[in-house]
Protein chains: 2
Amino acid sequence: MIKHNQTMTTSEWEIMRVIWTLGEATSRQIIRVMTLKKDWAPSTVKTLVTRLQKKGYLTDNGAVRDRLYTPTVDEHDAMTYALNHTIQAMCAMCVGDAMANVIETTELSQRDILNLQDVLKAKYATAPESVACNCMPNHWEELK
Amino acid sequence: MIKHNQTMTTSEWEIMRVIWTLGEATSRQIIRVMTLKKDWAPSTVKTLVTRLQKKGYLTDNGAVRDRLYTPTVDEHDAMTYALNHTIQAMCAMCVGDAMANVIETTELSQRDILNLQDVLKAKYATAPESVACNCMPNHWEELK
DNA sequence: TTTTTAAGTTTACAATTGTAAACTATAGGT
DNA sequence: ACCTATAGTTTACAATTGTAAACTTAAAAA
């Protein structure tokens, strides 16, 4: 699980999704797909690929032409990381509730659901009675 | 569930969390808290509050001084919305897996877990065998 | 009443992001 | 060997974001 300092922007994420799906890709391929998917200009795609490389999310095979770009991070890892990142910025007390809401409207396969249920069952054993709100700094009550 | 065009940035989110917790707040209060929580300069907080207002996430009571700011959106709704937003940008096929990973490391209360389990049980009835990857545009296979 | 403080408003400024054109160099076609 | 399309590199440019100082004005203190 590689750690990354730079964050991926939404546009960059779109690019990564197609490279993840293809395993590796040339910019020609990426441009073809993104033109269909997002109607971006070829230049836009090129810029984004370059930025992803600078940020360390892509490597290339060094070819002068028809270069192949490969992800340096696993898609599942990146997703897990991004989701955690979002969640950690939110009120810990409300997270469970929000996740329930989200799950209601998210498409999940039977396998997904069974897996989730397993994880939850295992968690229950050590689950706290309640989770405290962490929106305020420590000792803020002293501020009147 | 109010719909918002503008998105909240992470810094803005931090501000909202304290106002949500307090119910309503003057900038003096917010500044006090944020100085402790994030070590931000008072000006920074003022700017952020103004921007949140412009974006429609806060209203004020119109007082010339010691103005009270109130959220226009519910915290749970905002969280649900933000999480959904993040998830919808990801590969639908992998979302279930990522959520399981996230849940493993997220603090959840017993109540949260029971609730999640209820939601999942209800979902199982109509759950599909599998969820297709949606990273590529339609008919992209035709692109060789 | 004059001064001081601090709330609210304006202005600032660099980094990041979305979006893309322009330029350069090279592989493939003729 | 030369031309041309296009892959890769540079440059561009406005909007957003993080971060904050400066200014203005009104309330509180002296």
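Because the structure is a prediction, the values reported are computed rather than measured. These values consider heavy atoms only, across backbone and side chains, with no hydrogens, waters or symmetry-generated copies.
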Next on the checklist: Considering every strand and a 4.0 Å limit on heavy-atom distances, what is the contact class for B:Thr9: base, sugar-phosphate, or nothing?
Outcome noted: sugar-phosphate
Checklist entry - Given atom OH of A:Tyr57 and atom P of C:dT16, what is their separation to the nearest angstrom? => result 13 Å
Checklist entry - So A:Asp39 and A:Met34, side-chain contact (heavy atoms from CB on, under 4.5 Å) or not? Walk me through it. => result CA-CA 6 Å; A:Asp39 199 39; A:Met34 295 316 290; over 6 Å; no
Checklist entry - Between B:Thr50 and C:dT9, is there a side-chain N or O to OP1/OP2 distance below 4.0 Å? => result no
Checklist outcome for this item: note: A:Glu12, atom CD; C:dT17, atom C1'; distance rounded to Å ~ 8 Å
Item to check | Any N/O donor-acceptor pair, A:Arg65 side-chain to D:dT6 base, under 3.5 Å | outcome: yes
Checklist entry - Considering residues at least two apart in sequence or located in another chain, which fulfil the salt bridge (charged side-chain N to carboxylate O under 4.0 Å, His left out) criterion with B:Glu12? => result B:Lys55
Next on the checklist: Need to verify one output field. Residue with the more 5' nearest nucleotide on DNA chain C, B:Arg51 or B:Ile31?
Outcome noted: B:Ile31
Next on the checklist: Hydrophobic clusters here meaning ILVMFWY residues chained together by side-chain heavy-atom distances under 4.5 Å, can you tell me if A:Tyr124 and B:Met99 are in one?
Outcome noted: yes
Checklist entry - Is B:Thr47 touching bases, backbone alone, or none of the nucleic acid, heavy atoms closer than 4.0 Å? => result base
Checklist outcome for this item: For A:Glu75 and B:Cys135, the nearest pair of non-hydrogen atoms, with its separation, is OE2-SG, 4.0 Å
Checklist entry - Does OP1 or OP2 of D:dT19 have a side-chain N or O of B:Trp40 closer than 4.0 Å? => result yes
Item to check | Whole-Å distance separating the NZ atom of B:Lys46 from the C1' atom of C:dT5 | outcome: 11 Å
Checklist entry - Below 4.5 Å, heavy atoms only, C-beta onward: do B:Ile113 and A:Lys121 meet side chain to side chain? => result no
Item to check | Contact list for DNA chain C against residues 14-25 of chain B - heavy-atom distance below 4.0 Å | outcome: none
Next on the checklist: Evaluate A:Asp112 against A:Ser109 for side-chain hydrogen bond (donor to acceptor under 3.5 Å, both in side chains), listing each step before the verdict.
Outcome noted: CA-CA 5 Å; A:Asp112 286 335; A:Ser109 72; 3.2 Å; yes
Checklist entry - Could you state the CG-P distance from A:Leu52 to C:dG18, rounded to the nearest angstrom? => result 10 Å
Checklist entry - For the residue pair B:Leu108 and A:Ala127, what are the closest heavy atoms and their distance? => result O-CB, 3.7 Å
Checklist entry - Which is true for B:Val64 with a 4.0 Å heavy-atom rule: it touches a base, it touches only sugar-phosphate, or it touches nothing? => result sugar-phosphate
Checklist entry - For the pair made of CH2 in A:Trp13 and P in C:dT17, what is the distance, rounded to whole Å? => result 14 Å
Item to check | B:Thr21 side-chain N/O to B:Arg17 backbone N/O, donor-acceptor pair under 3.5 Å | outcome: yes
Checklist entry - Whole-Å distance between D:dT9 P and A:Gln53 CD? => result 8 Å
Next on the checklist: Does B:Arg67 reach a base, just sugar-phosphate, or nothing at all? Heavy atoms under 4.0 Å.
Outcome noted: sugar-phosphate
Next on the checklist: In this structure, how many angstroms lie between the P atom of D:dG8 and the CG atom of A:Asp66, rounded?
Outcome noted: 6 Å
Item to check | Comparing A:Asp39 and A:Met8 on DNA chain C - which has the more 5′ nearest nucleotide | outcome: A:Met8
Checklist entry - A:Lys55 side chain N/O closer than 4.0 Å to the phosphate oxygens (OP1, OP2) of C:dT17? => result yes
Next on the checklist: Classify B:Leu48 by what it touches in the nucleic acid, base, sugar-phosphate, or nothing, heavy-atom distance under 4.0 Å.
Outcome noted: base
Checklist entry - Among D:dA20, D:dT17, C:dT19, which is the nearest nucleotide to the side chain of B:Thr44? => result D:dA20
Item to check | Distance below 4.0 Å between B:Ser11 side-chain N/O and D:dG18 OP1 or OP2 | outcome: yes
Item to check | Distance in angstrom units between A:Tyr69 OH and D:dT9 C1', rounded | outcome: 10 Å
Item to check | Pair of N/O donor and acceptor under 3.5 Å linking C:dG8 base with B:Arg28 side chain | outcome: no
Item to check | Under-3.5 Å donor-acceptor pair between B:Ser43 side chain and D:dA21 base | outcome: yes
